[in-house]
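Let me begin by presenting the structure, written as structure tokens, before commenting on it.
Letters go in sequence order (proteins before strands), and every chain restarts at 1. Predicted model only: the values in this text are computed from it and were never measured. Values reported hereafter were calculated over all heavy atoms of this structure, with side chains retained and with hydrogens, waters and symmetry mates removed.
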Amino acid sequence: MYITTTIPYVNARPHLGHALEFVQGDVLARHYRGRGEPVRFQTGTDDNSLKNVLAAEAEGVPVRELVDRNAAAFEGLRESYDLSFDAFIRTSRHPGHRPGVERIWRAIDGDLYQRHYEGLYCVGCEQFYGEGPCPEHEAPLQHISERNWFFRLSRYQDALLDLIRGGRLRIEPAARRNEVLAFIEAGLADISVSRAADRAPGWGIPVPGDPSQVVYVWWDALANYVTALDGGDYDRWWVAEPRKIHLMGKGVIRFHAVYWPAMLLAAGLPLPAEIFVHDYLTAGGRKISKSAGTPADAEAIARAYGADAVRWWLLREVPRVGDADFTVERLVARADEDLANGVGNLVNRVVTMVHRFQDGAVPIVAVDGDAARGLVDACESAPGRVHEALEDFDFRRAAAAVWTIVEEANKYVERVQPWRQEPGDREASLATLVHACRALAGQLAPFLPTGAARVAAAVSGERLPRPEPLFPRLAG
RNA sequence: GGGGCGGUAGCUCAGCCGGUCAGAGCAUCGGACUCAUAAUCCGUGGGUCGUGGGUUCAAGUCCCACCCGCCCUACCA
């Protein structure tokens, strides 16, 4: 399974919205690895965007410097969010990227032609609009008149429709799929795939054979999914691998579900198999905007509340469809409720009882009496339910499935009340509970890598370590 | 302008092809328990399921119109 996130442009530091996509990809990667499936999880940065040039100018620093600094911040999320990506590609640094882009450009040569173009352009979006101001950046548009290279996107309309309708290219959620189909059915016009080089001196990838132009940044950035694969990796992950999954935000579906497949079709390359589109995060009811500063700095939030808490919020609280509003209050409430009072407290009470009644020795007898039915069922069915939910890219449902183990375990404790049981029965109850905690640790692993490891450590071995709080409360 | 998605208890939301679908969690209130991170467990609260029509024996659940929020897309006067 080849899982990719989009590669954000690096005109600013990463915000929580980026973290959402990375964490979703990470959960998928860890989940499938856990099932023994070969996985390549890849992310990176789009260094070649004109927006990076503008940001550098605004800040008065060299583009290289700004790009390197911000790209490092993105890569740093690996630590602060416990991400397990196998590759981090930077379009301006990866040796294979530029040659790869040039190769693809030449491969689609037959579908390229030059044309004079005039229109209103938003540098922020790197896109033309009918009139201003730009809806995304609320900035005035520039009148651009230049000669560009165009791609015969119009030729691929039917092929794209077949691809998506036939399910060879799966787009989730279905609403997004319909959106894409509607867009294509409305008719595809050829698109400009190059920009005048002098607008970004020295930045971007020159068009092969035409140094006056640089490759349109989207053409450049999309190629990363393929150019990041060096040597045998290309055959392994792009040719032989059936499950190639692109994760992205709703704002860039068109590029991934229309331009990118068409580009590959033209170049005669294999196509991606699945596209999952997430919606946006808002912060305190307001749009998170890089250009307006970083009101939701990803790293700062993780540092303040911990990767486990933030990951859990992103996975447990963000719906599959619809924007979600992030507030510190919600983060803290969810973490305390589920992690501290739920998982942490459960493990703590179980381990404490093992110490109090068994002197720390893990009982080996586990009897599945009727009282344990609900708990045993939860443990046994969790893997299947998690898998099913993740196949649907429904992270919230997957997290909820894991949660049922905690819920059932607590109910079980109340039902049997180990502290009142005869030693023999109690031993069986505690064995069942320790077993449940181990199952919980296993199921939690893709969601909370370090937290799950702490749970596992707390309930592993024949003699359990002294109990200590695994997930301290965040609120007072 | 075209297309799409939402509008369900105070809050966040589940409700697939119509008939125990009027629900869950949190919050509130009451109770239980003491193994545990002032935790946990049990019970409780009555919301015209955006508005108005329609189809049907039966509609949050289908159809039409409208209102509100949002998204994608396009701008012909």
> Taking atom C1' in both B/A58 and B/A77, what distance in whole Å separates the two?
Replying inline: 49 Å
> How many Å lie between CZ on A/Arg177 and C1' on B/G3, as a whole number?
Replying inline: 15 Å
>> Please give the distance between the P atoms of B/G46 and B/U34 as a whole number of Å.
In response: 32 Å
> How far, in whole Å, is B/C76 from B/G19 if one measures between their C1' atoms?
Replying inline: 48 Å
> If we take the P atom in both B/G53 and B/G2, what is their distance in whole Å?
Replying inline: 26 Å
>> Below the 4.0 Å mark, does B/G25 have OP1 or OP2 next to a side-chain nitrogen or oxygen of A/Arg334?
In response: no
> Do we get A/Arg30 above A/Phe41's six-membered ring, with its NZ or CZ under 6.0 Å from the centre and within 45° of the axis?
Replying inline: no
> Base, sugar-phosphate, or nothing: which does A/Ala340 touch, judged by heavy atoms less than 4.0 Å apart?
Replying inline: base
> Just checking, A/Lys244 and A/Tyr225: is the charged tip under 6.0 Å from the six-membered ring centre and within 45° of the axis?
Replying inline: no
> Rounded to the nearest Å, what distance is computed from the CZ atom of residue A/Arg466 to the C1' atom of nucleotide B/U37?
Replying inline: 17 Å
> What distance, rounded to whole Å, do you find between the two C1' atoms, one in B/U61 and one in B/C21?
Replying inline: 9 Å
>> Looking at B/G25, which nucleotide sits across from it as a Watson-Crick or G-U wobble partner, both distances under 3.5 angstrom, or is there none?
In response: B/C11
>> Is there a side-chain contact between A/Arg420 and the phosphate of B/U34, meaning an N or O under 4.0 Å from OP1 or OP2?
In response: yes
> Quick one: which of B/C35, B/C13, B/U37 gets closest to the side chain of A/Pro319?
Replying inline: B/C13
>> Give me the distance, rounded to whole Å, that separates B/A24 from B/A65 when you measure between the C1' atoms they each carry.
In response: 33 Å
